[in-house]
Q: 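Following this message is one structure expressed as structure tokens.
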Amino acid sequence: MGTSNLCASAPSMADDVPVPDRICELLRHFYSLGWCTASGGGISIAAPDRSSIFVAPSGVQKERVSPEHVFSLSTDCATVLSGPPSGTLRQSECTPLFAQVYAHAALPAGAVIHSHALETMVASRMFDQEFRSSPSGAFEMAKAFPGYANSDDVIVPIIENTPREDALANALRAALLAYPCAVAVLVRNHGCYIWGETWGKAKTIAEALHYIFAAVERLHVAGIAPVPAGSFAKTPCAPRARMRAWFMDRKVDGEEAAAYVDIRAANRCAEDDRLISHGELDNLGVKHISFTGTEDCEVLAKWKKTRGYNYSDVITCSREGLGEKYPAMIEAFKKEHFHDAAEVRAVLEGSGTFLSSLFFRKFLYCIVCSLF
Ligand code: ZN
């Protein structure tokens, strides 16, 4: 446990240690665990009244950060409230990621831990779209997660890495919205973002999660509970947007459909919705590509021509992109409507969730697509 004094003082809700001091203490502890080495990883803690958040600086070795190095920021991380003298240090590169978790996690976050531990990186390579504990069986440690029993499957979405840490922000936000029950998001070949209501709860969740990652890896290597070959990441570190789809063997309409439009209200992990592969989607006639370009770009024109589509619905899935039309459009999406011809839905900005009912071989498929 290194020089940390965490062993002597158990985490409590009433924390009388100033947040900057607590951040330094935890960084030393996480450094000793291998979560924050080689200047990677970090932690952010919100002020007790949630009026501001605290982050460590970039460029200072984690075990050497002292309280006067710690920044206090507005809750959106846009404004520096206090910190080291201007020009001497910069805030952690993780700051935009911490801001996404504080803003969008369904489980309210009071602290966010970013781990570069080896087991988090390996876990990100063992699965294609989401880490699952189920191939290895049940873990007692799952009880560390809010609302989990020791028989529950621990699911952690995986997003693709980017050359710079701050460029992960959009994909992280999309994962937070698509997995409202998540307490962590893995970044391929990189590490993991983990959060909790308090720094103590975030630390407990992070310890349990590192244990489960390591357990799945060891059981796989020992041949005791191998992870199925099809689970492994097929495109590690692909720098492109991702689409995920879930299958529901029931018709979804009315209030439930509206809940899926407001994805934060959906509780997918508690249901039996099954993540389906891109190959299965292709077989259902839902083809997809990722491209860089505009509404009239060559890639999209060629795609429409080869597939015989006359119409394309070009979407900017963000409050910023839609402007004043945003509330009306979201309201319209809550009502079931029909498209009588096949079409392209080209998403140029942001992310979103589409609920589609498809008839295929006399069966009705309800599919939720989330764009990362
Ligand atoms: Zn990192």
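When a ligand or atom number is given, it counts from 1 through the structure's own listing order. Heavy atoms only: backbone and side chains are in, while hydrogens, waters and symmetry mates are out.
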Q: What do you get for the angle at the Zn ion (ligand 1) between NE2 on His190 and NE2 on His114, to the nearest 10 degrees?
A: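 The two atoms form an angle at the metal of about 100°.
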
Q: Between His190 and His116, what is the ring plane arrangement, given parallel below 30°, perpendicular above 60°, and tilted in between?
A: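 Geometry flag for His116 against His190: perpendicular rings.
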
Q: Which heavy atom in Ala206 sits nearest to a heavy atom in His210, and how many Å separate them?
A: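 Closest approach of Ala206 to His210: O-ND1, 2.7 Å.
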
Q: Answer yes or no for His116: is there an N/O/S atom below the 2.8 Å cut-off from the Zn ion (ligand 1)?
A: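 Within the cut-off used here (under 2.8 Å), His116 does place an N, O or S atom near the Zn ion (ligand 1).
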
Q: Determine the minimum heavy-atom distance between Asp76 and Ser74, stating which atoms define it.
A: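 It is OD1-OG, 2.6 Å.
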
Q: From the Zn ion (ligand 1) out to just under 2.8 Å, does an N/O/S atom of Glu165 turn up?
A: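 Under 2.8 Å: Glu165 contacts the Zn ion (ligand 1) through an N, O or S atom.
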
Q: Is there a side chain to side chain donor-acceptor pair (under 3.5 Å) between Tyr193 and Gln100 once you walk through the steps?
A: CA-CA 11 Å; Tyr193 283 86; Gln100 293 297 337; over 6 Å; no

